[in-house]
Number of protein chains: 2
Amino acid sequence: MVTMSDVASAAGVSVMTVSNVLNERGRVSAQTRLRVLEKVKETGYEIDLTARRLRAGRTDTVALVVPHFDHAYFGELAARLAPAFGAKGKHLVVEQSGASREGELAALSAARLRMYDGVLLSAVGLSFEDLDRISVRTPIVLLGEQRVPERFDHITMANAEGARLATARLLESGARRIAIVGGEEPSRAPSMASQRTRGWERAHVELGADADRGLVVQLRPHDAPTARDAIRKMLERDERVDAVFAVTDQVGIGVVAGLTDMGLRVPDDLQVIGFDDLALARHVAGGLSSVDPGSDWIAAQAVDILEARMAGAAFAPRHLVSPVRLVLRGTTKAAPAARR
Amino acid sequence: MVTMSDVASAAGVSVMTVSNVLNERGRVSAQTRLRVLEKVKETGYEIDLTARRLRAGRTDTVALVVPHFDHAYFGELAARLAPAFGAKGKHLVVEQSGASREGELAALSAARLRMYDGVLLSAVGLSFEDLDRISVRTPIVLLGEQRVPERFDHITMANAEGARLATARLLESGARRIAIVGGEEPSRAPSMASQRTRGWERAHVELGADADRGLVVQLRPHDAPTARDAIRKMLERDERVDAVFAVTDQVGIGVVAGLTDMGLRVPDDLQVIGFDDLALARHVAGGLSSVDPGSDWIAAQAVDILEARMAGAAFAPRHLVSPVRLVLRGTTKAAPAARR
DNA sequence: ATGAAAGCGCTAACAG
DNA sequence: CTGTTAGCGCTTTCAT
């Protein structure tokens, strides 16, 4: 392997000069610079990032830690983040925590963290107390719905608001019994599911409708096959359900499949709205109506904050909530004339 | 920050003893071991992986380099790989190359490679010559369809065979004009698209049908929106098309959406088969028929090979082709009685 | 403008 | 069983 000192001797200079040339830290004559660069090319030298990291404490790499590699939402988020970090000279890598407390703690261990200049963590398994116990100097931006200690930067979606928007739309379009598939008792610790259930409930209250707890269909895991199965059981129990708010698009896709299995038509027999506005949503089920959680905004903010922290900026921890927006497609009916 | 020597002095031993305890390299009395571990816990010490890497040349981390973070196929592959590597004490991270030659070269630069004990690279932009120029000692397993130098371990899918299977099935079920959406002139350098087009062609030849080149619909990029648009244009040009082989499930989903846009029914008016057998395939479009590319097998082989290489095993480079299998669902018609 | 010395935190190799 | 020495490849600091 060719090291810096190989290049140095080839160029007849000291390693320091090579280092200075490569890091563009001025103080090098144009002539020397050229000679060094030439030798770099000649020898095929490439810097050892590990060594630099050890000495300079910098890796120019940031990590995004997601619950599962195969969650489309995070794939899309990562795809948005990568070029944004790239533009700032940072390299993005994605890790998987397995959605477990242990996995997330491991990702946040000092050992792992030290490999990165900054970390974006989508925490789902960690409690407030777990997070509070963490003390590292690697900048971390937390993503997700749970309650986090004040001192962390944190970006979340307007979960309840998105769910409220979707549910209100269904009620306004005439739906009376709206199942929430993937919902959860709102009393529990804040989670994606519980917050969206809260929004579902709130819409009912605001519009003077009855939010029947019997319409909350819990899901474990939150995936399409489980949802497909669950909606069938729900309808066998209560055939008056006339709309579904699915807590994610994945779930929504499963719901539509389940309804189709039963010979039901969407949106004529039942309307469906999902959440996440995945790229695929517009191409399935005649266009899955969904809540756009503002992923572009989230990615932009995350990069901004992390960049600033990595540059050493000191500012009060940011706690941001992304703007959400309802995107209506084929799985919902046209609004009734009386709507406005 | 607490280092190994902090722990050492706290425990009244040398750093070497601490190192030995942590690496379980025997030769430490149970008593000392306990004292050291106690101090480790007390101080909250965590090893600096960078330093270990620099000295020991090992990171216990492997990278999977994919074209794009938001390709569902790779998300699913990564999800399969992560636990398999985890079981062997390796940690998986995913990087994105941007599907470009430059991006892939950067991923394969010695600098990057040295951060990992091994690399799985899904190469799509690199030429044979590019690959041939690469010389590093980090074990690499190449994934994908292009031609690679003999000396690399390489796993590919039976692309042509999968396409042949799918196309033959369509022909047997009565289809006469089968468009291949996302196809490509088979004369070009081997690529996913060209190999699958070859299989499409072969099926026609074998069954005495005419593979009309006018039915090859090129796509750039290979995504659902593009496919949705392309199939519409194709049908406006040639309304006799009665089936579609989509080179990927993503494309297949776009095709189904496009057909639905035109008021056509699947599979009654046109049948559709995709490729990849994504987890979502069974839940969309009444069940998207697809070619299962043997991802489980691919993941298992990839882990095996890379593990062995990382352990220093010397064996002839492996060149493997995964077994494929047709999975028929709702977007294809039942086979005609006369089939066998 | 350039270089020498020191050391980041760890572990291989050996000595005791 | 434990410790000493040396050094991985780089950058910080300070001297020239």
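If you're wondering where the values come from, they're calculated on a predicted model, not measured in any experiment. Letters go in sequence order (proteins before strands), and every chain restarts at 1.
Using a 3.5 Å distance cut-off with no hydrogens or angles, the side chains of B:T17 and B:N20 do not pair a donor with an acceptor.
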Run the salt bridge (charged side-chain N to carboxylate O under 4.0 Å, His left out) test on B:E95 and B:R112 for me, step by step, so that the C-alpha distance in whole Å, both residues' side-chain angles and the decisive distance to 0.1 Å come before the verdict. CA-CA 11 Å; B:E95 302 204 1; B:R112 276 297 186 69; 2.9 Å; yes
Could you go through the salt bridge (charged side-chain N to carboxylate O under 4.0 Å, His left out) check for A:R52 and A:D60 one step at a time? CA-CA 10 Å; A:R52 171 198 280 178; A:D60 290 339; 3.6 Å; yes
Step-by-step salt bridge (charged side-chain N to carboxylate O under 4.0 Å, His left out) determination, B:E42 to B:K39: CA-CA 5 Å; B:E42 229 173 276; B:K39 292 302 173 188; 3.3 Å; yes
As a quick check of understanding, evaluate salt bridge (charged side-chain N to carboxylate O under 4.0 Å, His left out) for B:R53 and A:D48, giving each step before the final call. CA-CA 11 Å; B:R53 154 69 187 75; A:D48 186 322; 3.8 Å; yes
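Across all strands shown, A:T50 has no heavy atoms under 4.0 Å from either base or sugar-phosphate atoms.
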Counting primed atoms, P, OP1 and OP2 as sugar-phosphate and everything else as base, the B/S/- map of nucleotides 10-16 of chain C against protein heavy atoms under 4.0 Å is BBBB---
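Panel note: side chain B:S322, backbone B:I298; no donor-acceptor pair is recorded below 3.5 Å. B:T138 contributes no side-chain N or O that, together with a main-chain N or O of B:D117, makes up a donor-acceptor pair within less than 3.5 Å.
The CG-C1' distance, from A:D6 to D:dG9, rounds to 11 Å in whole Å. Computed from coordinates, the A:M115 CE to C:dC8 C1' distance equals 15 Å when rounded to whole Å. The distance from atom CZ of B:R53 to atom P of D:dC10 is 10 Å, rounded to the nearest whole Å.
One axis for each end of the helix from C:dA1-D:dT16 to C:dG16-D:dC1, each built from five base pairs, and the angle between them comes to 40° at 10° resolution.
Residue A:S14 places none of its side-chain N or O atoms closer than 4.0 Å to OP1 or OP2 of C:dT2.
Contact between A:Y73 and A:M157 at its shortest, heavy atoms only, is OH-CE, 3.2 Å.
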